[in-house]
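I have placed the structure first, in the form of structure tokens, so that the comments after it can refer back to it.
Counting starts at 1 for both ligands and their atoms, in listed order. Just so we're clear, the structure is a prediction, and the values are computed from it rather than from any experiment.
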Amino acid sequence: MTNLLHSEAEMPVALNQPLSVLTRRPPRSEAYTNGSSSSNGVGDYRSNGHSRILENRESPSRNPWQPFLIGVAGGTASGKTSVCHKIMCKLGQDCLPHPERRVVTISSDSFYRVLTEDERQRARLGEFNFDHPDALDFQLILDTMNALLDSQVARIPVYDFVTHTRLPNEYIHVYPADVILFEGILVFYFPELRNLFKLKLFVDMDADTRLARRVIRDLKERGRELNSTIHQYTLFVKPAFEEFCQPTKKYADVIIPRGAENDVAINLIVQHIKEHLLPMASENGSPRRSMQDDSNQPLTNGVHKMGENGLNGHDEAERLTNGLARAERSTNGRYA
Ligand SMILES: Nc1ncnc2c1ncn2[C@@H]1O[C@H](COP(=O)(O)OP(=O)(O)O)[C@@H](O)[C@H]1O
Ligand SMILES: Nc1ccn([C@@H]2O[C@H](COP(=O)(O)O)[C@@H](O)[C@H]2O)c(=O)n1
């Protein structure tokens, strides 16, 4: 994940669930998922942050309105960040102020756990396994996702790949929105997290291309040396991909071959998101809900056309699935 994505992570989130159960969006709570100012940002997050969420719930049961949570998995440098960024751009969300965005991207890269000094030293040499599920602060991920699903404002750590640490006292605020894209190599690995996703995308890219892109990126953006990058890749990244990431491809609803280059697949996903967002916008009648497509046409145009087709949620889902299957068949039939 790039720093660019980190800034995208500030975007709000979500809508989910069958279209038919969507109701008026509840008032936004100002509660944070993380009220902590502890040095490592972890322990207090879990205790104080989570209890604050509970205290701020308006009722013990979850809101009937919820964000639509989309998981985006795939190997390192497969294009997860780029796909999410493209979706944001096509929805006209990237240029909106963060609190006004209806779609938000978050990366699991923000949730690497705090390392001990010994682990940090190993990380500097490319000898720490960041591709093992234990490298992530899974509880923090769950707390954050649950908070967002409860329409809370969440704040998440800012991760620094150069030092392998969270930046002290720096957080990204994620506002409730209608759609949350949560991307990361292992987002389908944990069943508790995986089960929260209403749509699961897997970005597929051949290993050679991923390695080449990773080397260039790590040297340019993550302050790495060639030797340690190759060493880490051979020792941990590749075997962990085969053990923990690749097997989760079977959970995907949609596989996106060729990553961000696959405009056909991305356009279908964008269309699907739009079709969920628009009924909500008209129900909310909220002025902050400005959403535009590539051509700067108000999104409502597209919605209107959909209404004319008389499609229901089930038809839409089927149309998306069929469309994507066609898109995949057209690329050698590998994923059909
Ligand atoms: N289609 C592409 N062509 C060339 N470079 C790309 C392409 N897609 C992604 N990249 C580059 O590859 C690297 C990894 O892409 P990214 O989207 O961050 O992947 P991930 O989030 O899966 O790690 C980045 O440096 C990005 O700029
Ligand atoms: N301190 C760290 C933390 C993670 N990594 C590597 O990042 C990869 C996941 O991010 P992508 O954007 O590539 O999906 C993962 O493969 C880790 O090896 C790291 O090198 N250093």
In ligand 1, the atoms that come under 4.0 Å of a heavy atom of G79 are 16 (P), 17 (O), 19 (O), 20 (P), 22 (O)
Out of Y233, F128, Y159, F161, the nearest non-hydrogen contact to atom 1 (N) of ligand 2 is supplied by Y159
Heavy-atom gap A260 to ligand 1 smaller than 4.0 Å: no
Closest non-hydrogen atoms of I156 and F111, given as atom of the first, atom of the second and distance, are CG2-CZ, 3.6 Å
So the atoms of ligand 1 within less than 4.0 Å of a heavy atom of E261 turn out to be 1 (N), 2 (C)
Here the atoms of ligand 1 under 4.0 Å from any heavy atom belonging to G75 are 22 (O)
Would E242 and K249 pass as an ion pair if we require N to O under 4.0 Å? no
inquiry  = Taking NZ in K250 as the centre, count heavy atoms belonging to other residues, nucleotides or ligands within less than 6.0 Å. Is the count above 12?
reply    = yes
N or O pair under 3.5 Å between R213 and ligand 1: yes
Q) Between K80 and E183, is there a donor-acceptor pair closer than 3.5 Å when you use the side chain of the first and the backbone of the second? A) no
In terms of its nearest heavy atom to atom 16 (P) of ligand 1, the top option of G74, G184, S82 is S82
**Prompt:** Could R120 and E117 be called an ion pair, given the rule that one side-chain N must be under 4.0 Å from one carboxylate O?
**Reply:** yes
Taking only non-hydrogen atoms of T81 and a 4.0 Å limit, the atoms of ligand 1 in range are 16 (P), 17 (O), 18 (O), 20 (P), 21 (O)
In ligand 1, the atoms that come under 4.0 Å of a heavy atom of A77 are 14 (C), 19 (O), 20 (P), 22 (O), 23 (O)
